[in-house]
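In what follows, a structure is listed as structure tokens, so that the remarks can point back to it.
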Amino acid sequence: MKHLLLLMMALGSVLMNTAQVNADENPVNTSQPQVNLSADTVRQRLLLQTLAYRSSAEFSLYSLQHGDRKSAQRLDAVLAEGQALANALKATWPELAPAWQDMTQFVDSNRAIAAKAEDVSFSIRLNENYNKLYAVLDGSIPDTSVLDNETRRILNMLDSLEHMVSAYLFFNINIFGGLSVTDTGIEQQNKLFKALTAELDDAELRTQVERKWGFLESTLLAYNERSAVFIVTRTCDSIRELLLKKLQPEASAES
């Protein structure tokens, strides 16, 4: 399990931590005894990890769009998906559903503040509350040896993608809102994402992702020069859709 620095804020230097599964390694969670889990259960658990970062991104987008209907619908959909997944996994990880519910309650109680985008302390509270969820998630990463290499690789790509989107949007609500972010982690995640993409066995998927990423990369890396929220979110939505489609059980053959 790797921990990467996602965001360092000048007000408090708050860190966002993550756990990533290496595509060529099978890290074992030492926080609790390992049990025999199906590949589908492990896949769902790691997808929940990516949904946590995606929900953070959607809440930042909600703030940037001043709580408009479309951004509210996107946020609601991700929160509901994450809660359903956490509930489905509670037999193995009972701590996940309450942690997700706590985070959802924070989001719901701060929607009006986020939509106004006037409270400079909002992003600090956002980061602090999401870090609580990340800490719970990081404490229960399962053994991934039941997954084939391509599935682990794609899950890592999703994790990296959601990190970059979350970091990009969080940067926007801070920098363009008056705060200072010294490090987003976007450059490091970009290198990881490209390396994982190059290793994909599925040539068609690799070509599709590389084409889309080639269109987006320079814009994403220019996060500290200009804001291109629409381009970033729309392109990443498209890439996410490709990766999730590949992860569907019927599309994922065990190697």
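All values below come from the heavy atoms of this structure, side chains included, with hydrogens, waters and symmetry mates left out. In this chain, numbering begins with 1 at the start of the sequence shown.
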Results of salt bridge (charged side-chain N to carboxylate O under 4.0 Å, His left out) for D108 - residues two or more places apart only = R111
Partners meeting side-chain contact (heavy atoms from CB on, under 4.5 Å) with A222 (sequence neighbours left out) = E225, R226
Sequence neighbours excluded, which residues qualify as side-chain contact (heavy atoms from CB on, under 4.5 Å) partners of S38?
-> D40, T41
What's the spacing between Y53 OH and L133 CG if we round to 0.5 Å?
-> 8.5 Å
Partners meeting side-chain hydrogen bond (donor to acceptor under 3.5 Å, both in side chains) with R45 (sequence neighbours left out) = Q49, S140
Compare every heavy atom of V232 with every heavy atom of L216, then report the nearest pair and how far apart it is.
-> CD1-CA, 3.8 Å
How many angstroms lie between CD in E187 and CG in L220, if you round to the nearest 0.5 Å?
-> 8.5 Å
CD (E58) and OG (S63) are apart, to the nearest 0.5 Å, by 13.0 Å
Please list, one pair per line, the donor and acceptor atoms closer than 3.5 Å that link side chains of residues 97-106 to other protein atoms, with sequence neighbours excluded.
| unit_1 | atom_1 | unit_2 | atom_2 | d |
| --- | --- | --- | --- | --- |
| W100 | NE1 | L79 | O | 3.0 |
| T104 | OG1 | W100 | O | 3.0 |

Using side-chain contact (heavy atoms from CB on, under 4.5 Å) as the criterion, list what pairs up with E241, not counting sequence neighbours.
-> none
Name all residues meeting the side-chain hydrogen bond (donor to acceptor under 3.5 Å, both in side chains) criterion together with T233; count only those two or more places apart in sequence or in a different chain, and write none if there are none.
-> none
Counterpart residues, side-chain hydrogen bond (donor to acceptor under 3.5 Å, both in side chains), relative to Q83 (two or more places apart) = N87
Can you find a heavy atom in the side chain of T144 that is under 4.5 Å from one in the side chain of L147?
-> yes
Please test D143 against L37 for side-chain contact (heavy atoms from CB on, under 4.5 Å), starting from the C-alpha separation and ending with a verdict.
-> CA-CA 8 Å; D143 181 354; L37 301 173; over 6 Å; no
From CA spacing to verdict: side-chain contact (heavy atoms from CB on, under 4.5 Å), L200, L196 = CA-CA 7 Å; L200 284 171; L196 290 166; over 6 Å; no
Do T151 and L155 come close enough that some side-chain heavy atom pair is under 4.5 Å?
-> yes
Any side-chain heavy-atom pair of V42 and L46 under 4.5 Å = yes
What residues, two or more places apart in sequence or in another chain, satisfy salt bridge (charged side-chain N to carboxylate O under 4.0 Å, His left out) together with E217?
-> K194
Rounded to the nearest 0.5 Å, how far apart are CZ of F193 and CG of L158?
-> 8.0 Å
Evaluate the side-chain proximity of E150 to I154: yes if any heavy-atom separation is below 4.5 Å, no if none is.
-> yes
With sequence neighbours left out, the residues meeting salt bridge (charged side-chain N to carboxylate O under 4.0 Å, His left out) with D237 are R74, R240
Does the side chain of Y130 come within less than 4.5 Å of V107's, by heavy atoms?
-> yes
Using the salt bridge (Lys or Arg N to Asp or Glu O under 4.0 Å) rule, pick out the option among R152, R153, K246 that qualifies with D201.
-> R153
Decide yes or no for N110 and F59: does some side-chain heavy atom of the first lie under 4.5 Å from some side-chain heavy atom of the second?
-> yes
Identify the heavy atoms of C236 and W213 that sit nearest to each other, and give their distance.
-> SG-CZ3, 4.4 Å
Mind checking what makes side-chain contact (heavy atoms from CB on, under 4.5 Å) contact with K212, not counting sequence neighbours?
-> T235, S238, I239, L242
Check: T50 side chain, L47 main-chain N or O, donor-acceptor pair, under 3.5 Å = yes
Taking all atoms of both residues into account, what is the closest heavy-atom pair of G82 and L48, and its distance?
-> O-CD1, 3.5 Å
Output all residues satisfying salt bridge (charged side-chain N to carboxylate O under 4.0 Å, His left out) with R125, sequence neighbours left out; order by chain, then residue number.
-> D119
Heavy-atom side-chain contact between S71 and L64 under 4.5 Å = no
Point-to-point distance, once rounded to the nearest 0.5 Å, from CG of N174 to CG of L126 = 8.5 Å
CD1-OG distance between I186 and S160, expressed to the nearest 0.5 angstrom | 10.5 Å
Measure across S123 and I173 and return the closest heavy-atom pair with its distance rounded to 0.1 Å.
-> CB-CD1, 4.1 Å
If every non-hydrogen atom of I231 is compared with every non-hydrogen atom of F215, which pair is closest and at what distance?
-> CG2-CE2, 3.9 Å
Short question: side chain of S55, backbone of A52 - any donor-acceptor pair under 3.5 Å?
-> yes
Apply the test side-chain contact (heavy atoms from CB on, under 4.5 Å) to residues T197 and R206: give CA-CA distance (whole Å), side-chain angles for both, the deciding distance (0.1 Å), then the verdict.
-> CA-CA 6 Å; T197 302; R206 182 174 64 249; 4.3 Å; yes
